[in-house]
**Q** 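Let me give you the structure first, and then I'll get to my questions.
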Amino acid sequence: MNGNGKPLKDRIALVTGASRGIGAAISVRLAELGAHVVLVARTQGGLEEVDDKIRAIGGSATLTPMDLSEFDKIDQLGAALYERYKRLDILVGNAGLLGTLGPINHLDPQVWNQTLAINLTANWRLIRSLDPVLRQSDAGRAVFITSTAGQYPRAYWGVYAVSKAG
């Protein structure tokens, strides 16, 4: 264990969907364990609130406002992390969209495309972009948050289930 009961001291972690909910909780916990957390989410205000919580416990974070459907920005993220930190120790792919609940044949194509973009394609782009910096770590790890909706059918959850199964 690294100094003072902080097993993640000197580790760099990146969390998507970090501005609220599960992503915010994971981010704060990683900071409690000693990691510097790169917070990624669309909402600047939400990122600032999580950063305040992290600072209140003596942790540190970097705020990265980003819409993960802007795939070129994901591609630039790996290079920026390498330039700044030379590695990434932990990737938590948490960002997700529910989409619209209802009969799949009534679904707006934009909702379908956006849900798949965030829940599926963005995670592939994260792996593609961040794999080289994860490999620079002596213990690089990637964790992706999913849902049982991808395994157990639920009426009207079509686009979310498809994206999570992927």
**Q** Does Asp138 pair with Arg87 as a salt bridge, N-O distance under 4.0 Å?
**A** no

**Q** Which atom names give the shortest non-hydrogen contact between Pro7 and Gly5, and what distance separates them?
**A**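 Nearest heavy atoms, Pro7 then Gly5: CD-O, 3.1 Å.
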
**Q** Using a 4.5 Å cut-off on heavy atoms from C-beta on, say whether the side chain of Gln114 contacts that of Leu97.
**A** yes

**Q** Counting C-beta onward and ignoring hydrogens, is there a side-chain heavy-atom pair between Ser137 and Arg11 closer than 4.5 Å?
**A**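 Side chain of Ser137 against side chain of Arg11, heavy atoms only: contact under 4.5 Å found.
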
**Q** With rounding to the nearest 0.5 angstrom, report the CG to CD1 distance, Leu130 to Ile74.
**A** 8.5 Å

**Q** Would you sort out whether Met66 and Leu77 count as a side-chain contact (heavy atoms from CB on, under 4.5 Å), showing the intermediate values?
**A** CA-CA 10 Å; Met66 177 187 302; Leu77 187 58; 4.1 Å; yes

**Q** Report the distance from atom CD of Glu70 to atom CG of Asp75, rounding to the nearest 0.5 Å.
**A** 12.0 Å

**Q** Between Pro132 and Tyr82, is there a side-chain heavy-atom distance shorter than 4.5 Å?
**A**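 No. Closest side-chain heavy atoms not under 4.5 Å.
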
**Q** Please report the shortest heavy-atom distance between Thr115 and Ser163, naming the atom on each side.
**A** CG2-OG, 4.0 Å

**Q** Between Leu120 and Phe71, is there a shared hydrophobic cluster once you connect ILVMFWY residues whose side-chain heavy atoms come closer than 4.5 Å?
**A**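 Different clusters: Leu120 never reaches Phe71 through Ile, Leu, Val, Met, Phe, Trp or Tyr contacts under 4.5 Å.
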
**Q** Hey, is the main chain of Ala95 close enough, under 3.5 Å, to the side chain of Thr16 for a donor-acceptor pair?
**A** yes

**Q** Can you see which heavy atom on Ala24 is nearest to which on Val50, and at what distance?
**A**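 For Ala24 versus Val50, the nearest heavy atoms are CB-CG2, 3.6 Å.
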
**Q** What's the separation between atom CD in Glu49 and atom OG1 in Thr43, rounded to the nearest 0.5 Å?
**A** 9.5 Å

**Q** With a 4.5 Å cut-off on side-chain heavy atoms, are Val38 and Leu81 touching?
**A**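 They are in side-chain contact.
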
**Q** Test of understanding: clusters of I, L, V, M, F, W, Y form through side-chain heavy atoms closer than 4.5 Å, transitively. Do Tyr85 and Val40 belong to the same one?
**A** yes

**Q** Which side-chain N or O atoms in residues 143-152 pair as donor and acceptor under 3.5 Å with protein atoms at least two apart or in another chain?
**A**
| residue | atom | partner | partner atom | Å |
| --- | --- | --- | --- | --- |
| Ser147 | OG | Ala149 | N | 3.0 |
| Thr148 | OG1 | Arg154 | NH2 | 2.8 |

**Q** What's the separation between atom CG in Leu39 and atom OG in Ser19, rounded to the nearest 0.5 Å?
**A** 9.0 Å

**Q** Could you pull out all residues at least two apart from Asp51 that satisfy salt bridge (Lys or Arg N to Asp or Glu O under 4.0 Å)?
**A** Arg55

**Q** Please enumerate all residues that pass ring-ring contact (aromatic ring centres under 6.0 Å, His included) together with Trp157, with sequence neighbours excluded.
**A** Tyr160

**Q** Closest heavy-atom contact between Ala18 and Ala41?
**A** N-CB, 3.9 Å

**Q** Hydrophobic cluster membership, with links at side-chain heavy-atom distances under 4.5 Å among I/L/V/M/F/W/Y: are Val15 and Leu63 in one?
**A**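 Yes, Val15 and Leu63 fall within the same hydrophobic cluster.
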
**Q** Distance alone, cut at 3.5 Å: any donor-acceptor contact between the side chains of Glu48 and Gln44?
**A** yes

**Q** Using atom types as modelled and distance alone, determine if a side-chain donor or acceptor of Lys86 lies under 3.5 Å from a backbone N or O of Gln136.
**A** no

**Q** Would a 4.5 Å heavy-atom cut-off, applied to side chains only, mark Arg84 and Thr62 as touching?
**A**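 Answer yes - side chains close enough.
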
**Q** So Asp67 and Lys73, do their side chains get closer than 4.5 Å, heavy atoms only?
**A**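 No, their side chains stay 4.5 Å or more apart.
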
**Q** So, the side chain of Asp89 versus the backbone of Ile12: is there a donor-acceptor pair under 3.5 Å, distance only?
**A** yes

**Q** Within a strict 4.5 Å, meaning less than it, do heavy atoms of the Ile90 and Leu8 side chains meet?
**A** yes

**Q** Between Asp72 and Arg125, does a salt bridge (charged side-chain N to carboxylate O under 4.0 Å, His left out) hold up when you go through it step by step?
**A** CA-CA 9 Å; Asp72 57 326; Arg125 295 294 281 255; over 6 Å; no

**Q** I need the minimum non-hydrogen distance between Ala31 and Val37, along with the two atoms involved.
**A**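 Nearest pair, atom of Ala31 first, then Val37: N-CG2, 3.8 Å.
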
**Q** Can you measure from CG (Leu116) to NZ (Lys164) and round to the nearest 0.5 angstrom?
**A** 11.5 Å

**Q** Of the options Asn119, Leu107, Thr100, which is the one that meets Val159 in a side-chain contact (heavy atoms from CB on, under 4.5 Å)?
**A** Leu107

**Q** Which heavy atom in Ala61 sits nearest to a heavy atom in Ile54, and how many Å separate them?
**A**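 Heavy atoms of Ala61 and Ile54 come nearest at CB-CD1, 4.1 Å.
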
**Q** Quick one: pull up CG in Leu134 and CD1 in Ile127 and give me the separation to the nearest 0.5 Å.
**A** 9.5 Å

**Q** Please tell me whether Leu33 and Leu14 are part of a single hydrophobic cluster in this structure, the criterion being side-chain heavy atoms less than 4.5 Å apart.
**A**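 Leu33 does not cluster with Leu14.
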
